[in-house]
Every structure is written in C-alpha cells, then in structure tokens.
Participant: 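Quick one: structure below, then a few questions.
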There are 2 protein chains.
Amino acid sequence: MSEVIEKSRLAKQASLVVGSLTTEQKNKALLQMADHLIHRQKDIIAANQEDLRRGRENGLSESLLDRLALDEKRIAAMADGLRQVSELTDPVGDQLEQFERPNGLVVKKVRVPIGVIGMIYEARPNVTVDAAGLCLKTGNAVVLRGGSSALHSNSKIVEVLHEALEQTAIPANALQLISDPNRSSVDEMLKLNGLLDVIIPRGGAGLIQNVVNNATVPVIETGAGICHTYIDSEADPEMAVDIAINAKVQRPSVCNSMETLLLHKDYAQQHFPALADRFKAAGVELRGNETARNMVSWINPATEEDWSTEYNDYILAVKIVDSLDEAIDHIQKYGTMHSECIVTNNNQKASSFMQRVDAAAVYHNASTRFTDGFEFGFGAEIGISTQKLHARGPMGLPALTSTKYCIYGSGQIRS
Amino acid sequence: MSEVIEKSRLAKQASLVVGSLTTEQKNKALLQMADHLIHRQKDIIAANQEDLRRGRENGLSESLLDRLALDEKRIAAMADGLRQVSELTDPVGDQLEQFERPNGLVVKKVRVPIGVIGMIYEARPNVTVDAAGLCLKTGNAVVLRGGSSALHSNSKIVEVLHEALEQTAIPANALQLISDPNRSSVDEMLKLNGLLDVIIPRGGAGLIQNVVNNATVPVIETGAGICHTYIDSEADPEMAVDIAINAKVQRPSVCNSMETLLLHKDYAQQHFPALADRFKAAGVELRGNETARNMVSWINPATEEDWSTEYNDYILAVKIVDSLDEAIDHIQKYGTMHSECIVTNNNQKASSFMQRVDAAAVYHNASTRFTDGFEFGFGAEIGISTQKLHARGPMGLPALTSTKYCIYGSGQIRS
C-alpha cells in the first residue's frame, strides 16, 4: 500500500473519533500543540536549518528562503495562531434549521465536520501548523502534502504535534503528513475519492491549476487574484489616490492586491498625471492602453496579456475607460472573481457596480486589500475561495464544515 | 467553434441579464413558459412520438420507454411544476450576514446566482422543464445536455420555452440545449471552466461516475443511494416492520429506498422469520449473511458484492449484527452517505447513531423514503447531493445560489 493511501486510511479512521469530540477536548489539544511547539522549538529550528541548507544548494531565491525560514519569533507566532484558534467559536453541532412537517417528522439541519481534508501547499512551514489547527478544531482529520523544500521542517513539526496529541483526546492519526516528495504523491491524493472528502490547494497558479485540472476529489479553488480598482468620474480625488496606492503597493505579492487600475476618462483627464507620478515615486511600473499613454507619455504600453496577468509585483496595468459599463465589461472579461472595487461618490453607480460585478468581494470606497479572514474578523483563514460552490471569499471555520439532516419520527412511512 | 462552446458563451452572456432581474420578472417568465407548454402540447407530443418510435427500433426496455413517454397529463404536470416554482421564495438577494468592523467597514454577505449551470441527464424529458424552471428562478443560465433518446422531445420543449421567453424579461439565450447526441459534447462540457460554473449530473451510476471522474468544472454529485435500516434490539416490533417494508417496497427504483437491512441479533431471533415472510409476500428476494440464513433457511446467501450494490429493485440484503457498533461500522464501510435509519425506542442509542453515522440524512424511527425536496417542504428539488461540499441532501432553490461579500467603506485603506 502506498504511503498516501495508508495515511489517508488512518486519517479516515481517526476522523470518526475527532469528529465526535467536545469543543473543550479539541481546544485542550490545540493548547497542548501550541505549548509543545515552543518546548521543542530548538529541534524544529535545527530541522529548518537543514531545509535552508539544501535550499541554498538548490539555488532557491532569497525571497523563497525567507518564506521557508523559521526562528523563535516565527514559531511563537505559529503557537499563538493555535491558541487563537482554540478561542474561536466551534461551528460543529450548530443547528442551522429546524422544521416540523405536517406528518410530524421533525427535521434538523446541523453542522458536522467535513471528514478528511487534503491540503496541498508550497514552501511556508507555518501552513502546516495553521492547517492542522483549523482542521482539528472543526473535527476534521487532515492529510498534509507540503512542498519538498520544507520537508524536514514539516516532518519535525508534525512529529512534535504528534507528541503533543498523544496526551490529548485527539488521536495522532488525525494529522498526517505525506513525506514522499515526488509529484506522484500529489497525483495520488487528487484521485482519492472515498478517503479524502475535499482538497484545498494553496500556492502558486501552477499548483492550483494542477489540482483543479486533475482532481476527482472535490476541490475548493483558492488564490488567483487579478483584482481591479475602478475610479469613477464622481470619485473623491484624494480618497481615490489613497485607495489605489494602498491596493497596489501595501503588499504587492498577495492575491488581494490590485493588478489593473480602471479610470473613467473624465477622472483621468484631470488626475491621472498626478496619480501616475505617485505610482512612479512608489516604484511601480505602469503599463497603459493608448488613451492612458496619450495622457502620460512616459508609461509603457500594455499588451492584451497584461490585462490577464497577476503580477504580484510592482507593476500595474492602467486602462482609461469611457463608462461604468466598459469598466464592468473589462472586469467580467479579465477578472478572476476575487476582489473588485469602485471609488465613487455616486451611490447609484456604486450600487450598480456592486450588483453586477461577479466576484467573491466587491468594494465601494475601500481597498481590495481587506479581503482576508482576519480583516473580516473571522479570527482565522484556511484560504480565500475564488470558486462559487461551498464557500466564496475568505474561509473561516464554517467553511471547513458540512451539514447533515437529522430526522426524528414516530414510525412515519411514505404513502 | 463547437456547439457546446458557442451555446455556453451565449448562456454566460445571458446569465448577466437573468441574474439581475427582479423576482416578479422571473416569476412572470415561468408562468409564461407553463402556459406555452400547454398551448403547444400537440407539437411536443408529436416530437415525443418520434423519440418513442426510434426507442422501440433501438430496443429500449418498456420501463425506459415509459419514462420517456409524454402525454397531455405529463405535460400538464410539467407546467404545474413551473407554476409551483414561480410561487417559491426567491433566495437571490437574501442578506445572510452583516457586520461592521472596527475600522468602519460594513460587510454584507448576500445570496447571488451561481451563474451558468450545466445539467447532464438521461431520458426523462421532464428534467428539461424542471431544470430550466429552477435555474431561471434562481437567476442562473443553464446549459442542458439530455440523453440522446429524448433529443426530439427535449428540442421541441426548448423551442417552445424559447418562444415563451421571447415575450418575457428573461433572454432566451439563458436556456440552452445541446443537440449534439455524441458523448463528446459531454466531455467538452466537463472541461468548460470559466464558462460553466457547476455541473450537476442526474442519472445512473455510470453517468455520474463519468462526470465525477472527468470534470474539471466543479460538480455536485447526486444520486447513488445504498441506504440501510438498522432495527435495534429495543425497536417497537410493529413500527420496525412498517418502516422496513416501506423503505424497501414503496418504490424500490429510487435512490432513497433501502438496499440493506441490518438486524440486531436479539430482534432478529424473535422477529426475523415473520419479517422475512412479509418481504416474501411483497415479492422481495432476500439475501442474507450466515446468521440470517441460520434463522430463515429459505433465503439466498449474500456475497460481499451484495453489501455494496444499489439494486433499485425487489432485492434486499440482510445482515444480522451483534451490536449497534457493528451496524454503524457496516454503514460506514458500505454506505454511500445518502440516507440511513435506526429503529429503536432507546433514545441514547438513537442519538449515538444519529451523531456517528456520516450521511446526508439520518433517521430515527422513520422510513428513508422521506429524503426528498418535496417531502422536506422545499417545494422543488434539483437533485439529492451525496457529497459534503456546498449542498448535502435534497437540494432546493438555495443550493442553486452562491454568495458574495459586499463591503461598504468611506476610504479605508490597509495599514
């Protein structure tokens, strides 16, 4: 039996146990996990050093090495994350609906764990701890498949968490890490219907596309964000600048940052030259359509490809449009249904934008950077769904649950 | 451009229109569709005759021909279905959550249409009308791919519905029927990410497995039901017989009927011989494990395969078990997470069964035959989901919606 099948079977068995624990039992286990991470931090850092050494040998970029690196501060942050999750409301067991039928049947719809969650992700070892905490808190078992570059760190972290779980009600088997660094272990997970109930990919576009294209297990697609900000002719000019700059440069590498700026021609006529200077000063390369380049001669031309590129970098595509309709059409054509914003003081236009733009999060007069489980007050986030089924937008604990109908009768039969 | 891509593109464009219509506009269109079906029933019946003629030529079974056949009564029932859907509450626009963040951002979570729904189904032409009604009522466009044996009926029905829509606010393009009877049109739909937002398969196990195994578009799996009834040692004997007989014979061909009967040994000792006679009288073939055959010598032996077979027929597998735990383990191993029942007067055992059995619907003292959108009072049903994501169990109108976060700010930026 392959490692993936064996560990997924163990996880499935364990899911029956963890799914029936009380909130108190699960919280106690999370706190134990947090304490033990701190207690064993030297060993975790030593394992991480080995990953970093190999990473340097393999020529990983400095930014990737930085994402991979663990120190006492980062381990403390991981432990704090577990403690915070322990304080969140447990959605499992919540009764969502109750109704009685004319024949006397009482139907209750309750939240239940999903079962076994497969996580496929890349280099950051903190995802290992985050995902373990969120999945276990919601009564699920989890099968983790992290990136091979973090294998030593992840293995040590899971070893430490297993030790912690030995002293708790959660069976250690509810947390599984695939240690086979080959691509074939991913392929195997993607087809494991019956053992895995869902796969959540987190990482770059290539990883996510591979999962979406090849999984037969249901997937929650996360991540890709080609986000737009549309500045209307009736925008407050100062607010527009603040929002546009923030959406682009506050953290360009993340999915909810802006990739394309759409400017109404009347706004652009008056304000684009100054705004372009602001972007330039912030180190942002601008690529514009012809109208934009007629207004600001020094910006680069945008090609068709620019409208559908998630730069995650200090590059911004700019398009001057004739109308709200043209802005919405552009978003509909090139957006990834993640986060979209309109800046305007005209409430009617805002309401039309909010209603017609099809995205997980639609903003009136605020930066798209707020699309985030913590910013929404969920206290945690397993990812940001960009699909329309099950969960859409930032996913907190309820996104890791399913439902079940419990029907109470007194001998009812169907006629 | 292939027919599938062309029609899906038209559907996607039309989805933007139908998604923003008022409930009144959509209801008026549904009533128009109903009226026009009646008005054009002669033409629909003539087209159906052509399908039936070809069906006979191709040697379709009598039961399939019966499912395919349309007459005035069945067309009236389809029209009534549309009228009923017009009377249901429209979930689109419902505000599910609203909260204000410390920074003043107001976040609202609202129900929105999914977008474009792909339906892949088999011979019954009434699914064409049902699916059209449910999808349009919830502001979605729909691309239908029915079975080739019903192609003439489905084409005529959609032609008639298109005529009806011409006089309404719903664009006719929101309803598309794929007329290519080849398997390749199904294969193409399964990969149409970006144009189709979800695929819902309805039909036999082969159709559903093909969709689940090959789709890259998100799927809502429906249908397969290996449902169990467990009769506990503390069951009311009369109630147990009524429920077991009803679950098996009231309509054996459907997914919520019982396929395996689990009997506690103490109950079985006293009551199985009489119960077996009742099944025999109802024309049900029994296949039992060894213990069962020791109690009732004339029943056939059950093989391992019987425990995982959805007969949809007058055949029942019977297993005598030693305990509640053994019953739950059996269900966990062989069930399809559809509908499961315990008959007992012991509330503690019932509650343990309800909590531990992982299925869309779990019953205490009632027939599994109630797992149905109409029986639950939803007024409609697009299918019964046997997966855990998005929707589980009977799917009414809300299952055909997604959500969107609308965030209202006054210039907030992230620090």
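Chain letters run A, B, ... following the sequence lines, proteins first, then strands; residues in each count from 1.
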Participant: Non-hydrogen atoms of chain A under 4.5 Å away: do they reach the side chain of B/V112, the backbone, both or neither?
Facilitator: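 Just the side chain, heavy atoms under 4.5 Å.
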Participant: Measure the spacing between SG of B/C406 and CZ of A/F353 and express it to the nearest 0.5 Å.
Facilitator: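 The CZ atom of A/F353 is 10.5 Å from SG of B/C406, to the nearest 0.5 Å.
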Participant: If you define the side chain from C-beta out and look only at heavy atoms, does anything of A/V219 sit under 4.5 Å from B/L389?
Facilitator: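 With C-beta onward as the side chain, the pair stays apart.
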Participant: More than 12 non-hydrogen atoms from neighbouring residues, nucleotides or ligands closer than 6.0 Å to CD on A/E238, yes or no?
Facilitator: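 Not more than 12 within 6.0 Å, no.
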Participant: State, with a plain yes or no, whether a side-chain heavy atom of B/R414 is found less than 4.5 Å away from one of A/N256.
Facilitator: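 A side-chain contact exists here, since the closest heavy-atom pair is under 4.5 Å.
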Participant: At a heavy-atom distance under 4.5 Å, which candidate from A/Q387, A/Q332, A/K109 has the highest pair count against chain B?
Facilitator: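 With the most close heavy-atom pairs to chain B, the winner is A/Q332.
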Participant: With only heavy atoms counted, which part of B/Q355 is less than 4.5 Å from chain A, the side chain, the backbone, both or neither?
Facilitator: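 For B/Q355, the contact with chain A is made by backbone and side chain together.
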Participant: For chain B, find which of A/T216, A/N365, A/V343 contributes the most heavy-atom pairs closer than 4.5 angstrom.
Facilitator: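 Of the candidates given, the most pairs with chain B belong to A/N365.
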Participant: So what's closer than 4.5 Å to chain A heavy atoms on B/I114: side chain, backbone, both or neither?
Facilitator: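 Its backbone and side chain both get close to chain A.
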Participant: If you define the side chain from C-beta out and look only at heavy atoms, does anything of A/Y405 sit under 4.5 Å from B/S339?
Facilitator: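 No, every pair of side-chain atoms sits at 4.5 Å or beyond.
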Participant: Using a 4.5 angstrom heavy-atom cutoff, name the option from A/G377, A/G393, A/P218 with the most pairs to chain B.
Facilitator: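 Most pairs with chain B among the choices: A/G377.
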Participant: Go through the atoms of B/V357 and report whether side chain, backbone, both or neither lie under 4.5 Å from a heavy atom of chain A.
Facilitator: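 The backbone, not the side chain.
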Participant: Give a yes or no on whether the backbone of A/T403 and the side-chain of B/K388 come within a donor-acceptor separation of less than 3.5 Å.
Facilitator: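 Checking the backbone N and O of A/T403 against the side chain of B/K388, no donor-acceptor pair under 3.5 Å is found.
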Participant: Which bit of B/A361 is near chain A, if near means a heavy-atom gap under 4.5 Å: side chain, backbone, both or neither?
Facilitator: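 Backbone plus side chain of B/A361, per the 4.5 Å heavy-atom cut-off to chain A.
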Participant: So for A/V107, is it side chain, backbone, both, or neither that comes closer than 4.5 Å to the heavy atoms of chain B?
Facilitator: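 Side chain only.
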Participant: Under 4.5 Å heavy-atom distance to chain A, tell me which part of B/N193 shows up: side chain, backbone, both or neither.
Facilitator: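 Side chain of B/N193 only, per the 4.5 Å heavy-atom cut-off to chain A.
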Participant: Decide yes or no for B/R356 and A/L16: does some side-chain heavy atom of the first lie under 4.5 Å from some side-chain heavy atom of the second?
Facilitator: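 SC-SC contact between B/R356 and A/L16 ruled out.
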Participant: Flag the one option from A/E221, A/M337, A/Q250, A/M239 with the top tally of heavy-atom pairs under 4.5 Å to chain B.
Facilitator: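 Looking at each of A/E221, A/M337, A/Q250, A/M239 in turn, A/Q250 comes out on top.
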Participant: Atom OG of B/S415 and atom CG of A/N246: how far apart are they, to the nearest 0.5 Å?
Facilitator: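 Interatomic distance, B/S415 OG to A/N246 CG, rounded to 0.5 Å: 8.0 Å.
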Participant: List for me each residue that meets ring-ring contact (aromatic ring centres under 6.0 Å, His included) alongside B/H330, sequence neighbours excluded, and say none if there are none.
Facilitator: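 Checked B/H330 against ring-ring contact (aromatic ring centres under 6.0 Å, His included); matches are B/H228, B/W307, B/Y334.
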Participant: Under 4.5 Å heavy-atom distance to chain A, tell me which part of B/A359 shows up: side chain, backbone, both or neither.
Facilitator: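 Answer is backbone: N, CA, C or O of B/A359 sit under 4.5 Å from chain A.
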Participant: Using a heavy-atom cutoff of under 4.5 Å, enumerate the residues of residues 367-375 of chain A that contact chain B, numbered in order, or state 'none'.
Facilitator: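 Under the 4.5 Å heavy-atom cut-off, A/S367, A/R369, A/F370, A/D372, A/F374, A/E375 qualify.
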Participant: Heavy-atom distances under 4.5 Å only: say whether A/D236 touches chain B with side chain, backbone, both or neither.
Facilitator: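 For A/D236, no heavy atom lies under 4.5 Å from chain B.
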Participant: Going by heavy atoms in the side chains, are B/H364 and A/I407 under 4.5 Å from each other?
Facilitator: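 Counting from C-beta outward, B/H364 and A/I407 never come under 4.5 Å.
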Participant: Pick one of side chain, backbone, both or neither for A/F99, based on which atoms fall under 4.5 Å of a heavy atom in chain B.
Facilitator: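 Just its side chain gets close to chain B.
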Participant: Taking B/M354's backbone N and O only, do any of them form a donor-acceptor pair with A/K404's side chain (distance below 3.5 Å, no angle check)?
Facilitator: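 Answer holds: yes.
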Participant: Given heavy-atom pairs under 4.5 angstrom as the criterion, report whether the side chain, backbone, both or neither of B/A215 touches chain A.
Facilitator: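 The backbone, not the side chain.
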Participant: Determine the option with the most heavy-atom pairs under 4.5 angstrom with chain A, choosing from B/C341, B/P394, B/A366.
Facilitator: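 Maximum pair count with chain A is reached by B/A366.
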Participant: So which of B/G409, B/A391, B/P102 has the largest heavy-atom pair count under 4.5 angstrom toward chain A?
Facilitator: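 So the answer, after comparing B/G409, B/A391, B/P102, is B/G409.
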Participant: With a 4.5 Å cut-off on side-chain heavy atoms, are A/Q412 and B/Y363 touching?
Facilitator: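 No, side chains not in contact.
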Participant: More than 12 foreign heavy atoms under 6.0 Å from CZ of B/R101: is that the case here?
Facilitator: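 Count over threshold, so yes.
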